[in-house]
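Here is the structure we will look at.
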Amino acid sequence: MSVLVFVEGFNGEIKKSSLEAATYGYQVAQQLGTTATAVAIGEVHEDALAKLGEQGISKVLYDADSRLNQFVADAYVKVIAKAAQQENAKVLVFSNSNIGAAVGSKLAVRLNGSLATNVTTLPKTDGGQFIVTRSVFSGKAFADVALTSDVKIIAVKKNALEIANAGSGAATVEKFSADLTDAEFVAAPKETIMQDTSGGVLLTEAEIVVSGGRGLKGPENWHLVEDLAKALGAATACSKPVADLDWRPHHEHVGQTGIAVSPNLYIAIGISGAIQHLAGVNSSKVIVVINKDPEAPFFKAADYGIVGDAFDVVPKLIEAAKAL
Ligand code: FAD
């Protein structure tokens with residue numbers, strides 16, 4: 001019996017959220033007195049995979065089939081299910097990313113397992129139970145869930161735990177294949193998981209996000225958001241009306257109906273802080289709000305607030321950030 005962690009790559013490196021999942025998987029394996037193996041698919045550098053040893057992963061099964069460079073849910077499920085069977089894995093760990101959530105739910109059906117998404121804690125295993133805590137209602141509440149089936153599938157909430165260095169050596173990387181046929185790809189629906197970047201930074205993985213709202217008046221003023229993001233090495237985002245107005249592309253829209261982000265720092269410029277916007281950003285570690293209205297609801301969710309006109313405040317922040 002072992003723990004299997006599915007790790008995702010981006011630009012050949014392992015995503016930060018997958019390093020968190022690997023940390024989680026290793027800690028569960030230690031609790032259960034077993035080892036943690038990872039499975040990786042598509043374009044990932046082998047030395048990046050070997051470095052998963054730092055998170056305590058002992059072995060990585062790597063399917064480098066180039067047809068898997070594009071996400072095809074059923075094909076991914078087949079690879080991971082075969083790896084789980086080979087390793088006799090009873091606990092499967094994912095990041096709660098778009099890909100992780102899509103694949104995790106299909107795997108739960110295929111393996112007759114139970115699935116818990118948005119998990120924030122290690123399992124409580126006293127008395128043979130397996131209980132995890134999930135973040136629910138857009139982070140407003142927590143629910144304890146008992147996973148009772150033989151196979152347990154856990155999607156770990158992003159930024160809910162620190163990436164640990166277990167101090168182990170390099171993981172061994174083994175070539176792995178689920179022997180997928182071309183027909184399985186031809187028949188598969190084309191699925192697009194948003195991997196869009198701003199300035200080379202993946203929004204869902206970004207450490208810092210600079211986000212603009214309708215208070216910026218128009219797309220011609222977006223250089224303020226972009227320049228601040230560039231100075232901080234951040235990704236850019238926006239509120240829903242900004243995307244609806246075509247000031248920014250829809251893949252930058254964060255919130256209940258957009259992307260959920262969980263950076264260490266979220267800077268909101270000219271955004272009121274409606275509940276639907278907060279639903280996508282309230283997992284951020286630190287929130288900074290810049291708004292000229294001292295009564296703007298976003299200030300209630302902010303760690304730091306600047307009451308002021310964005311057109312005065314942001315240029316000063318850009319100069320300060322450039323001087324860092
Ligand atoms: P506004 O509400 O117009 O706020 C602009 C803010 O800018 C104000 O607080 C104002 O004081 C400030 N401001 C103005 N000028 C300046 C200046 N010069 N300097 C500094 N501050 C200034 N919204 C999302 O963002 N994401 C979602 O996923 C989402 N999903 C939704 C789903 C549903 C079902 C519904 C009904 C709504 C959803 N919304 C979503 C919309 C949401 O309710 C708000 O309408 C929206 O977030 C407001 O965007 P905003 O803050 O950019 O604009």
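Counting starts at 1 for both ligands and their atoms, in listed order. The first residue in the sequence is number 1, and the count goes up from there.
- Counting only heavy atoms, the protein gets under 4.0 Å from atom 32 (C) of ligand 1.
- For E54, the salt bridge (Lys or Arg N to Asp or Glu O under 4.0 Å) criterion is met by no residue, not counting sequence neighbours.
- In this structure, the protein non-hydrogen atom closest to atom 26 (N) of ligand 1 is V254 O, 2.9 Å.
- Taking a cut-off of under 4.0 Å to the non-hydrogen atoms of G255, the atoms of ligand 1 that pass are 26 (N), 27 (C), 28 (O).
- Looking only at side-chain heavy atoms (C-beta outward), N291 and V307 stay at 4.5 Å or farther from each other.
- By heavy-atom distance, the residue among Q276, E295, K292, R214 lying nearest atom 21 (N) of ligand 1 is K292.
- Ligand 1 lies less than 4.0 angstrom from a heavy atom belonging to I271.
- Side-chain contact between H253 and I259 is absent, with no heavy atoms from C-beta onward closer than 4.5 Å.
- Cation-pi geometry between K82 and F176 is satisfied (NZ or CZ under 6.0 Å from the ring centre, within 45° of the ring normal).
- The protein heavy-atom contact nearest to atom 25 (O) of ligand 1 is H277 ND1, 2.8 Å.
- Contacts of F311 with ligand 1, taken as heavy-atom pairs under 4.0 Å, involve the side chain alone.
- In terms of protein heavy atoms, atom 19 (N) of ligand 1 is closest to A310 N, 2.8 Å.
- Closest protein heavy atom to atom 16 (C) of ligand 1: G215 O, 3.5 Å.
- Side-chain contact check for K285 and N159: at least one donor-acceptor pair (N or O, by modelled atom type) lies under 3.5 Å.
- A side-chain donor from one of R134 and T117 sits under 3.5 Å from a side-chain acceptor of the other.
- Nearest to atom 49 (O) of ligand 1 among the protein's heavy atoms is P241 CG, 3.2 Å.
- Among protein heavy atoms, the minimum distance from atom 18 (N) of ligand 1 is reached at D309 OD1, 3.1 Å.
- The shortest separation from a heavy atom of C238 to ligand 1 is not under 4.0 Å, leaving the residue out of contact.
- Donor-acceptor pairing under 3.5 Å is recorded for the side chains of S149 and S114.
- Nearest protein heavy-atom neighbour of atom 52 (O) of ligand 1: S239 OG, 2.6 Å.
- Listed by number with element, the atoms of ligand 1 under 4.0 angstrom from any heavy atom of A274 are 42 (C), 43 (O), 44 (C), 47 (O).
- By heavy-atom distance, the residue among G258, G270, G213 lying nearest atom 6 (C) of ligand 1 is G270.
- Residue-level proximity to ligand 1 for S272 is carried by backbone and side chain together, each with a heavy atom below 4.0 angstrom.
- Listed by atom number, the atoms of ligand 1 under 4.0 Å from G308 heavy atoms are 19 (N), 20 (C).
- If you check the side chains of S95 and E20, you find no donor sitting under 3.5 Å from an acceptor.
- Looking only at protein heavy atoms, the nearest one to atom 15 (N) of ligand 1 is K217 NZ, 2.9 Å.
- The closest non-hydrogen atom to atom 8 (C) of ligand 1, taken over D293, I269, L245, N291, comes from N291.
- Under the ring pair (Phe, Tyr, Trp, His ring centres under 6.0 Å) criterion, Y76 pairs with F71, not counting sequence neighbours.
- The minimum heavy-atom distance between T133 and T121, with the atom names listed, is N-OG1, 3.0 Å.
- Close approach of ligand 1 to Q256 (heavy-atom distance below 4.0 Å) involves ligand atoms 27 (C), 28 (O).
- In summary, the side chains of S17 and E205 do present a donor paired with an acceptor at a separation below 3.5 Å, with no hydrogens or angles considered.
- Judged by distance alone, the side chain of D303 and the main-chain N or O of I287 form a donor-acceptor pair under 3.5 Å.
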